[in-house]
Amino acid sequence: GFMPDMKAPAFFFDYDEVSACSPMQFEAVLRATPRKRLGSITLAELSATPQPIGLYFLFDDQQCLQYLGKSSSRSFIERIPSHLDPRPDGWFNTLPKKLIARSPLIDYRSALEHALGLDLVLLGDPQQPIIQHLETTLRSYLQPALNAGKPAAFAGTRLLSQCVEV
């Protein structure tokens, strides 16, 4: 469980804080949340999140959302570093692979360096089914550059809690 003396990192927020938000309002909260460069995040920070699972958001220097991922069967401390596997054939390193797919001229090492320069925000939620629905809803609404997604098929004014009812 969560160790009460460990302070949650500034780049973490909880689903309870935004469950009554519409996707539009959620986007405003997400954009106002502090971020941290992926390459400078510590294991201590990843292990201090009050919820060990949820969604993660990666932004570029222009504040554009590049990637939205979910960490539901594996904790943040397992999932996020696995994107940064130095082996091109690593199992979970989807982020560098997606960067290469978008810019085929870059090599794996360059893609990895680019990934390390992205900024991270974590959204914690203890419930796997909610994480799954939230990922689908927010990918559709926010359209991250590296996630293949369908355009929003719902109003951006519905509450997130209505979008994730299970």
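One is the number of the first residue; the rest follow in order along the sequence.
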- By side-chain contact (heavy atoms from CB on, under 4.5 Å), Thr42 pairs with (sequence neighbours left out) Ala44, Glu45
- What pairs with Leu116 under side-chain contact (heavy atoms from CB on, under 4.5 Å), at least two apart in sequence or on another chain? Leu84
Indicate every side-chain donor-acceptor pair of residues 26-35 with a distance under 3.5 Å to a residue at least two apart or in another chain.
| unit_1 | atom_1 | unit_2 | atom_2 | d |
| --- | --- | --- | --- | --- |
| Glu27 | OE2 | Arg31 | NE | 3.3 |
| Arg31 | NH1 | Gln63 | O | 2.8 |
| Thr33 | OG1 | Val29 | O | 2.8 |
| Arg35 | NH1 | Gln63 | OE1 | 2.4 |

- Query: What residues, two or more places apart in sequence or in another chain, satisfy side-chain contact (heavy atoms from CB on, under 4.5 Å) together with Asp60?
  - Reply: Gln62, Cys64, Gln66, Leu118
- Check the hydrophobic clustering (I, L, V, M, F, W, Y; side-chain heavy atoms under 4.5 Å; chains of links allowed) and say if Leu138 and Ile130 are grouped together. yes
- Query: Taking the side chain as C-beta and beyond, is there a heavy-atom pair between Pro86 and Arg109 under 4.5 Å?
  - Reply: yes
- Item | Residues in salt bridge (Lys or Arg N to Asp or Glu O under 4.0 Å) contact with Asp16, at least two apart in sequence or another chain | none
- Note on the structure: Scanning both residues in full, the closest heavy-atom pair of Thr137 with Pro23 reads CG2-CG, 4.5 Å
- Task: With sequence neighbours left out, write down each residue that passes salt bridge (Lys or Arg N to Asp or Glu O under 4.0 Å) with Lys97, or none if nothing qualifies.
- Result: none
- Check: Phe76 and Pro52 side chains under 4.5 Å, non-hydrogen atoms: no
- Task: Can you sort out the partners of Asp61 under salt bridge (Lys or Arg N to Asp or Glu O under 4.0 Å), two or more places apart, ordered by chain and number?
- Result: Arg37
- Can you get from Leu123 to Tyr67 by hopping between Ile, Leu, Val, Met, Phe, Trp and Tyr side chains that sit under 4.5 Å apart? no
- Query: In Å, rounded to the nearest 0.5 Å, how long is the span from CG of Leu58 to CG of Leu120?
  - Reply: 5.5 Å
- Task: Taking all heavy atoms of Asn93 and all of Pro96, pick out the closest pair and write down the distance.
- Result: O-CD, 3.3 Å
- Val18 and Phe11: same hydrophobic cluster, using ILVMFWY side-chain contacts below 4.5 Å? no
- Note on the structure: Residues at least two apart in sequence or cross-chain that pass salt bridge (Lys or Arg N to Asp or Glu O under 4.0 Å) with Asp14, listed by chain then number, are none
- Item | Interatomic spacing from CD in Gln127 to NE2 in His133 - rounded to 0.5 Å | 11.0 Å
- Query: Side chains of Tyr15 and Gln51: does their closest heavy-atom pair fall under 4.5 Å?
  - Reply: no
- Query: For Ile100, what residues pass the side-chain contact (heavy atoms from CB on, under 4.5 Å) criterion, not counting sequence neighbours?
  - Reply: Ile106, Tyr108, Ala111
- Task: Using the test side chain to side chain donor-acceptor pair (under 3.5 Å), find all partners of Glu78 that sit at least two apart in sequence or belong to another chain.
- Result: Ser75
- Task: With Leu122 as reference, evaluate Ile80, Ile53, Leu55 under the side-chain contact (heavy atoms from CB on, under 4.5 Å) test and give the passing residue.
- Result: Ile80
- Message: Using a strict threshold of under 4.0 Å (side-chain N to carboxylate O), is an ion pair present between Arg87 and Asp85?
- Response: yes
- Which atom names give the shortest non-hydrogen contact between Ile131 and Ser71, and what distance separates them? CD1-O, 4.1 Å
- Under a single-linkage rule joining Ile, Leu, Val, Met, Phe, Trp and Tyr whose side-chain heavy atoms are separated by less than 4.5 Å, which residues share a cluster with Leu105? none
- Item | Interatomic distance, Phe59 atom CZ to Leu65 atom CG [nearest 0.5 angstrom] | 4.5 Å
- Query: Counting N and O atoms only, with roles assigned by atom type, does the side chain of Ser40 sit under 3.5 Å from a partner on the main chain of Lys36, one being a donor and the other an acceptor?
  - Reply: no
- Message: What's the separation between atom CG in Leu99 and atom CD in Glu113, rounded to the nearest 0.5 Å?
- Response: 12.0 Å
- Query: Among the clusters formed by ILVMFWY side chains lying less than 4.5 Å apart, do Leu95 and Val121 turn up in the same one?
  - Reply: no
- Can you see which heavy atom on Ser47 is nearest to which on Ile77, and at what distance? CB-CD1, 3.8 Å
- Test ring pair (Phe, Tyr, Trp, His ring centres under 6.0 Å) applied to Tyr56 - qualifying residues, sequence neighbours left out: His83
